[in-house]
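Scroll down for the structure; my scribbles are underneath it.
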There are 2 protein chains.
Amino acid sequence: MYRKIAADLRDKIKSGELPPGSLLPTQQELSRKYEVARMTTRQAIAELINEGLVVAQQGRGVTVRDRQQMVYRPQDGWEAPTSPTIDRFTAAFTRHGRNPSMEIDVSVVQADDFVAERLGVEPRSQVVARRRVISLDGTPFHINDTYYPYELVRDTEIMSPADIPGGSNYVLAERGYRERYAIDEFFIRMPTPEEIGRLRLNPGTPVAMHVVTGFTAREEPVRCDIFILPGDRHVIMYERVHPIDDEGRPVSTPRGGQS
Amino acid sequence: MYRKIAADLRDKIKSGELPPGSLLPTQQELSRKYEVARMTTRQAIAELINEGLVVAQQGRGVTVRDRQQMVYRPQDGWEAPTSPTIDRFTAAFTRHGRNPSMEIDVSVVQADDFVAERLGVEPRSQVVARRRVISLDGTPFHINDTYYPYELVRDTEIMSPADIPGGSNYVLAERGYRERYAIDEFFIRMPTPEEIGRLRLNPGTPVAMHVVTGFTAREEPVRCDIFILPGDRHVIMYERVHPIDDEGRPVSTPRGGQS
DNA sequence: AAGTGGTCTAGACCACGCC
DNA sequence: GCGTGGTCTAGACCACTTA
């Protein structure tokens with residue numbers, strides 16, 4: 001029964017009969033209409049909440065969710081190739097008049113297993129953690145925690161909780177650790193209670209955990225960057241070029257030829 | 001109260017006291033221990049289910065979930081650069097003795113708004129849909145639906161529901177539509193009921209929707225590929241190379257220089 | 001103050017897995 | 001057949017928003 005109620009409501013949302021921002025019928029109304037107990041209608045609504053379709057607020061009611069997504073481009077700052085087409089794609093998600101802000105917190109911590117494995121250091125050895133929450137118009141958009149091997153960044157401006165002109169890669173390059181390539185990993189999962197708090201997430205919002213591990217040309221790890229991207233606020237976008245030309249012949253790549 | 005029960009169980013799972021595959025205390029036991037009604041313990045367990053931590057099965061009990069993830073590499077087949085390091089990364093997620101299988105279904109359908117926008121055709125115009133479900137050892141791993149403009153693929157082997165030797169890009173290239181570059185989009189969300197059915201997903205499993213739109217050098221779209229990747233079964237991995245060399249000078253890119 | 005959703009109770013019966 | 005989780009009822013009181 002609760003599945004039928006949920007399906008009916010889902011259909012009304014998808015068809016546009018209940019547009020984003022509108023209020024669903026109250027739980028009491030649904031109970032009367034379907035002749036069920038309120039706990040049953042609550043279960044139907046819980047299903048929609050967990051699907052990320054609606055949000056419930058005490059005293060207000062249940063409203064249909066609206067997605068406001070921004071484009072997240074891992075290749076930004078890499079002087080990546082850009083085509084007119086990708087601008088057309090990103091335009092669909094771009095909003096204007098945004099007011100960005102950032103919270104920064106730098107500390108020396110013990111590396112957990114996950115970070116230690118990526119930085120090639122012993123678990124629980126000291127690393128520098130640079131933790132940031134990036135907000136737009138006052139609402140948190142994503143978490144960006146960066147971990148560096150302690151010896152690489154001690155006594156640099158990376159240790160100070162302020163914006164770094166030119167980026168931290170510039171600082172590392174000056175010390176002889178120029179990042180040459182990086183590996184991106186994405187894990188799709190539900191947020192931890194800590195992440196829900198830091199990002200003020202609604203129930204039913206999954207996140208992408210984007211892990212960037214940067215290496216020098218000598219294969220030494222120089223940084224491990226962890227982004228937590230709420231699914232309702234981001235579209236992740238990449239651009240790729242085939243390493244063969246229009247006649248099917250190989251084109252030289254930055255790392256010098258085909259593998 | 002139900003939050004406390006959920007937090008206690010979550011701690012026991014994270015600490016390893018309740019390892020993957022083990023059974024949680026039954027709802028009746030929890031009700032006795034915490035002196036609450038069974039509906040309250042059910043709510044605690046519902047929370048853990050929606051976090052993707054546990055699965056409930058009628059007649060069996062509630063078990064701690066185990067993740068078996070495979071590596072998903074969008075760059076595969078692109079002759080992408082490969083370093084020894086990425087092999088080390090992928091090794092952590094690779095399982096052996098896997099038995100892959102595929103279901104294919106090809107049909108001519110009306111493009112929805114999403115696909116029409118990406119293929120640059122009118123909404124509801126005819127496109128060819130090639131729908132696949134890829135399974136490993138009998139369990140579905142991901143959905144791969146590919147859409148082509150009808151005129152580009154009519155009377156080709158893309159229309160037949162069988163494996164294509166060399167891939168569909170090879171067939172398109174022969175007809176003068178060689179894919180030169182592609183744009184990747186990732187949307188993170190909860191699965192639709194249809195996706196839950198096709199992939200036999202457990203509750204609390206988010207998915208990544210990976211959309212690849214391929215273009216010729218003349219900026220004509222040739223395909224729109226939609227992958228549905230369950231979060232508990234995939235790690236998405238990219239490798240990127242900085243377009244500058246160790247002295248900081250630009251390196252030529254496949255598309256010919258910096259932007 | 002009225003109305004909304006949030007939590008909780010103490011029962012009931014059903015569907016399923018396992019012995 | 002027994003015990004598990006799945007569904008549902010008919011109440012109760014609380015916390016919060018809005019007017």
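Computed from a predicted model, the values in this text were never measured in an experiment. Below, read A as the first sequence line, B as the second, and so on, with proteins coming before strands; counting in each chain starts at 1.
Distance B:M1 CE to C:dA10 P: 14 Å, rounded to the nearest Å. Between A:Q28 atom CD and D:dA10 atom P the separation is 14 Å, expressed in whole Å. Distance, A:E29 CD to C:dA2 P: 18 Å, rounded to whole Å. Rounded to an integer number of Å, the gap from CD1 of A:I5 to C1' of D:dC8 is 11 Å. Taking atom CZ on B:R42 and atom C1' on C:dC13, their separation rounds to 14 Å, with Å as the unit. We find that CE of A:M39 is positioned 11 Å from P of D:dC8, with the value rounded to whole Å. The OH atom of B:Y34 sits 17 Å away from the C1' atom of C:dT7 (whole-angstrom rounding). Following rounding to the nearest Å, A:R3 (CZ) and C:dA15 (C1') show an atom-to-atom distance of 13 Å.
Applying the 4.0 Å criterion to OP1 and OP2 of D:dT7, one finds that A:Q43 has a side-chain N or O inside that range. Within the 4.0 Å cut-off from OP1 or OP2 of C:dG5, not a single side-chain nitrogen or oxygen of A:R60 is found. The side chain of A:Y2 places no N or O atom within less than 4.0 Å of a non-bridging phosphate oxygen (OP1 or OP2) of D:dC8.
Contact of the A:V36 side chain with the A:Y2 side chain is not registered, since no non-hydrogen atoms from C-beta on lie closer than 4.5 Å. Side-chain contact between A:H210 and A:Y72 is present, with at least one heavy-atom pair separated by less than 4.5 Å.
The number of heavy-atom neighbours closer than 6.0 Å to CD of B:E29, taken from other residues, nucleotides and ligands shown, is above 12.
Nearest heavy-atom pair, A:D112 versus A:V115, reported as atom, atom and distance to 0.1 Å: OD1-N, 2.9 Å.
Between A:R10 and A:E51, at least one side-chain nitrogen of the basic residue sits less than 4.0 Å from a carboxylate oxygen of the acidic one, meeting the salt-bridge criterion.
A donor-acceptor contact under 3.5 Å links the side chain of B:R38 to the base of D:dG6.
Among the nucleotides D:dG6, D:dA10, C:dT9, the one closest to the side chain of A:A37 is D:dA10. Candidate nucleotides C:dT9, C:dG5, D:dG5 were compared by shortest atom distance to the side chain of B:V62, and D:dG5 ranks first.
Between A:T40 and B:I45, the one whose closest nucleotide on DNA chain D sits nearer the 5' end is B:I45.
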